[in-house]
Enquirer: 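Have a look at this one before I ask anything.
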Amino acid sequence: MDFAIEFQHVTKTFPGVVALDDVSFAVRRGEVHALVGENGAGKSTLLNILHGGYSEYAGTVKLNGTPVQFRNPHDAIHAGVSKVHQEISLVPNLTVAQNIFLGYEPRMGPLVDFHKMNRDAENILKRLRSPLRPDGLMVGVSAGEMQMISVAKALFHDAQVISLDEPTSSLSSAETDALMSIVRELKEHGITIFYVSHRLDEVFDLSDRVTILRDGKLVGSYETSEISRAELIRKMVGRDVSTFATRKQPRRVQPEVVLEVEDLSSPGLFEDIRFSLHKGEILGFAGLVGAKRTDVMRAVFGADPVVSGKVTVHGKVARITSPMDALERGIGLVPENRKTEGFVRYLTNEANISLTCLRRFQRLGFVDRSLRRSNADTYIQRLNVNPPRSDFPTENMSGGNQQKVVVAKWLSTQADILILDEPTKGIDVGAKAEMYALLEDLVAAGKSIILVSSELPELIGLCDRAVVMKEGRIVAEVSADEMSEELLLNYAMEGVAS
Amino acid sequence: MKVRLDTYRELGISIALVVMIGVFAFINPVYIRTNNLIDIVQQSTVNGMLAIGITFTIITGGIDLSVGSTFAVVIVSVGMLVTNGVPPLVGVAIGIIIGLTLGIVNGLLITKMKLQPFIATLGMMSVYRGVAYVMTGGWPVVRIPREFRDLTDGRVIGEIPVSVFSLIAFAIIAHVLLNRTRFGAYLYAIGGNEQATRLSGVNVDRTKVFAYGFCGIGAALAGMVLLGRLGSGEPTAGITYELLAIAAAAVGGTSLAGGKGTITGTLLGALLLSALRVGLIVAGMDSFWQFIATGLVIVVAAYFEVIQQRLRFQRNKKPVVTP
């Protein structure tokens with residue numbers, strides 16, 4: 001058999017996590033090979049290894065039968081392995097042709113040969129049947145056209161293998177169709193396509209074969225025509241549930257509604273969002289990347305300008321237009337990105353924890369440091385922050401402990417509605433378990449929690465109800481009894497139960 | 001005992017200062033006569049006040065390039081008031097209000113109109129300078145009354161002028177604001193991570209406006225010190241002073257990226273630059289050398305910052321240590 005890429009016993013570990021565990025499979029030359037799996041299944045890690053993002057790993061990667069180990073993306077591109085990025089990396093103030101040729105501009109002496117550059121770019125764009133002009137600026141270029149330019153860039157580098165990582169997550173349906181035909185076109189030219197997507201329609205439309213990863217392990221490679229959608233989903237989620245925190249006793253969710261969101265819309269992001277949160281409840285938000293869950297939460301919290309819709313907190317209509325308003329209404333947000341939004345670098349744990357509630361520690365206009373310190377110490381102890389020191393710089397701690405500090409920041413405001421956006425992202429297993437126990441404690445103490453998570457077992461293990469979003473809309477609400485990974489994933493991917 | 005990196009920094013500048021004084025004293029013993037030392041301190045008061053103000057804006061991750069012009073507006077307006085019979089203390093109060101107002105205007109441009117601090121204050125640097133020229137028609141304000149001059153240039157203890165005590169008082173207020181109040185805590189937080197601070201429910205805009213207002217007050221005080229010392233005020237006063245003020249803050253360990261900086265550091269920075277200048281004169285060096293020496297001090301100090309960062313980074317690369 002003629003293979004373009006072979007992965008043999010590839011293993012990649014990060015401190016505390018095995019991201020890829022002895023993965024072996026092969027991609028045939030000239031096929032469209034889909035790679036699927038839940039968030040955290042190891043897809044991105046695998047792509048990074050193929051494209052030189054990680055140069056240290058165990059096992060072998062072969063390109064055209066020869067073992068290769070790319071030290072950086074540059075090496076990979078030179079060997080004919082290009083990647084079209086999930087977040088498109090193009091320079092907005094250059095022309096289309098300049099973007100395609102960036103770093104490899106044709107020269108005439110010391111000067112750039114713009115004439116040749118534009119001519120060559122035009123040829124490539126023609127091959128892709130793109131209406132884009134090579135000398136046009138990137139201003140007003142749509143996400144789909146950017147995708148096109150990225151593909152053109154790959155073609156210019158004479159790519160034999162092109163990976164597309166969630167290429168359609170930011171595309172409209174017309175643009176998606178256009179991309180599909182480009183992929184078919186590339187295949188006709190004998191280029192091998194490695195296609196990573198959450199969208200089953202695309203996987204079944206395009207791919208010849210599909211490989212499934214789960215928790216860093218290979219489930220298997222299948223001929224796409226020989227596997228059903230239901231079977232594929234089942235294989236993606238077939239996790240050993242017993243390893244995960246499972247619900248102990250049913251929780252006592254009280255009938256009182258603490259937060260009600262009605263008809264919340266933000267054009268281009270999300271529409272008609274409505275849900276309610278009860279006292280003592282953990283309400284889950286499931287969905288894939290691009291479902292706009294984070295945008296909804298930021299809007300509820302007042303971090304992004306509010307559009308249309310009505311938010312009621314404790315029975316009173318609340319106009320929340322800034323985080324200050326949210327703080328006043330007792331709503332706290334633990335944002336998705338700890339480093340850029342969660343805590344402040346340079347500051348100690350004490351300073352970070354008190355940022356939301358310094359007002360309370362004020363005496364005659366001055367901050368009473370002993371009050372501030374004892375507040376920090378209380379939560380550091382309660383959340384088991386390690387090192388247990390209020391004067392320790394937050395940025396020097398591990399991810400899990402940083403996350404605890406961010407949570408502590410909101411607990412010390414006495415907020416009773418907490419929105420946690422991917423609170424266990426990038427933290428190790430032990431810290432995750434602690435976070436789950438903490439959430440249980442909080443709802444037992446009468447707090448109400450919205451948990452946005454891409455880890456389905458987490459939602460199933462913790463939530464009393466889950467709302468599923470797909471492309472900016474709520475497609476389902478699932479109760480604890482009916483919740484299963486398969487059902488949630490079906491809704492998230494297909495928008496319907498099965 | 002916890003030792004912060006800031007403390008190392010301040011220790012470093014102090015050592016540099018002592019070594020420098022030793023060297024100049026060796027070259028020319030006149031350098032360490034009491035009068036000369038007082039001169040060094042006195043010469044650092046104007047820059048010190050400007051630098052303390054600008055430190056507040058730099059801590060937020062911003063900058064105020066208009067301090068030198070604010071300084072001039074205060075000089076000419078207070079000068080005109082007191083020469084026309086306004087009581088000195090009223091003049092001082094009005095001067096502070098003018099500085100505060102101009103600073104708040106900067107703050108509003110930056111927060112409400114969302115201009116970049118560099119551009120906003122670059123624009124206002126020219127506007128305020130123009131205001132100073134227009135007010136006097138380009139002429140200096142002369143014959144400042146003795147009573148006003150005594151407020152800043154009078155002698156209280158021995159030969160030490162009032163302005164030195166004003167600087168100390170201003171520094172203490174600034175230090176307390178930074179370290180003991182909500183305002184100060186928010187300044188550091190904004191400079192470290194504005195987004196996270198906003199998401200913590202902090203009124204970021206208001207805090208920033210206050211920071212620029214405070215910076216304006218620093219410029220006003222500095223202006224009145226100079227007005228008292230010289231006995232006349234020119235609309236051209238303070239041109240390029242913003243750069244010297246930034247230099248003092250930077251030498252003192254204030255990071256231009258925001259989130260870091262202390263008043264002690266800034267004061268030591270101002271003192272170091274002043275000691276260097278006086279030292280070169282006493283050592284009989286051509287005054288042109290001052291520029292070269294000042295520039296080198298800034299670059300060397302910045303390099304120390306880089307080395308410190310690198311050390312810190314290396315320490316962080318080790319696995320998380322539990323003490």
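Remember, it's a predicted structure, so these values are computed and weren't measured experimentally. Here is the naming used below: chain letters follow the sequence lines, and residue numbers restart at 1 for every chain.
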Enquirer: Would you say that A:R298 contacts B:L199 through its side chain, given a criterion of any heavy-atom pair below 4.5 Å between the two side chains?
Expert: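 They are in contact (side-chain heavy atoms under 4.5 Å apart), so the answer is yes.
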Enquirer: Give a yes or no on whether A:H314 atom NE2 has more than 12 heavy-atom contacts from other residues, nucleotides or ligands under 6.0 Å away.
Expert: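 Atom NE2 in A:H314 is crowded, with more than 12 foreign heavy atoms closer than 6.0 Å.
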Enquirer: For chain B, which candidate among A:R369, A:Q362, A:K409 shows the most heavy-atom pairs at distances under 4.5 Å?
Expert: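 Among A:R369, A:Q362, A:K409, the one with the most close pairs to chain B is A:R369.
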Enquirer: So does A:R359 have more than 12 non-hydrogen atoms from other groups sitting under 6.0 Å from CZ?
Expert: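 No, not enclosed.
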Enquirer: Out of curiosity, B:S200 OG to A:E341 CD, how far, rounded to the nearest 0.5 Å?
Expert: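 Answer for the OG-CD pair, B:S200 versus A:E341, is 10.5 Å.
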Enquirer: Should we say atom CZ of B:F210 is surrounded by more than 12 heavy atoms from elsewhere, each under 6.0 Å from it?
Expert: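 Open.
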Enquirer: Are there more than 12 heavy atoms of other residues, nucleotides or ligands under 6.0 Å from atom CZ of B:F165?
Expert: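 Yes, because the 6.0 Å sphere around CZ of B:F165 holds more than 12 heavy atoms from other groups.
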Enquirer: Which heavy atom of B:T181 sits nearest a heavy atom of A:V367, and at what distance?
Expert: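 Looking at all heavy atoms of both residues, the shortest contact is C-CG2, 3.5 Å.
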Enquirer: Atom CZ of A:F366 and atom CZ of B:R180: how far apart are they, to the nearest 0.5 Å?
Expert: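 Nearest 0.5 Å value for the CZ-CZ distance: 9.0 Å.
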Enquirer: If you count heavy-atom pairs under 4.5 Å with chain B, which of A:T340, A:L333, A:L327 comes out on top?
Expert: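 Max contact count across the listed options: A:T340.
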Enquirer: Can you tell me which portion of A:L347 sits under 4.5 Å from chain B's heavy atoms? Options are side chain, backbone, both or neither.
Expert: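 For A:L347, the contact with chain B is made by the side chain alone.
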Enquirer: Are any side-chain N or O atoms of B:N193 and backbone N or O atoms of A:F343, one a donor and one an acceptor, separated by less than 3.5 Å?
Expert: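 The answer is yes, because a donor-acceptor pair under 3.5 Å joins these two groups.
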Enquirer: What heavy-atom pair brings B:G191 and A:R345 nearest, and what distance separates the two atoms?
Expert: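 Where B:G191 meets A:R345 most closely, the heavy atoms are O-NH2, 4.4 Å.
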Enquirer: Check the surroundings of atom CZ in B:F183: do more than 12 heavy atoms from other residues, nucleotides or ligands lie under 6.0 Å from it?
Expert: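 Yes, because the 6.0 Å sphere around CZ of B:F183 holds more than 12 heavy atoms from other groups.
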Enquirer: Ignoring hydrogens, what is the shortest heavy-atom contact between A:L355 and B:A189? Give both atom names and the distance.
Expert: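 Taking every non-hydrogen atom into account, CD1-CB, 3.6 Å.
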Enquirer: Identify which part of A:F301 has an atom lying under 4.5 Å from any heavy atom of chain B, answering side chain, backbone, both or neither.
Expert: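 It is the side chain, since no backbone atom gets that close.
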Enquirer: So which residue, B:E194, B:Q195, B:R182, ends up with the most heavy-atom pairs under 4.5 Å with chain A?
Expert: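 Between B:E194, B:Q195, B:R182, the count favours B:R182.
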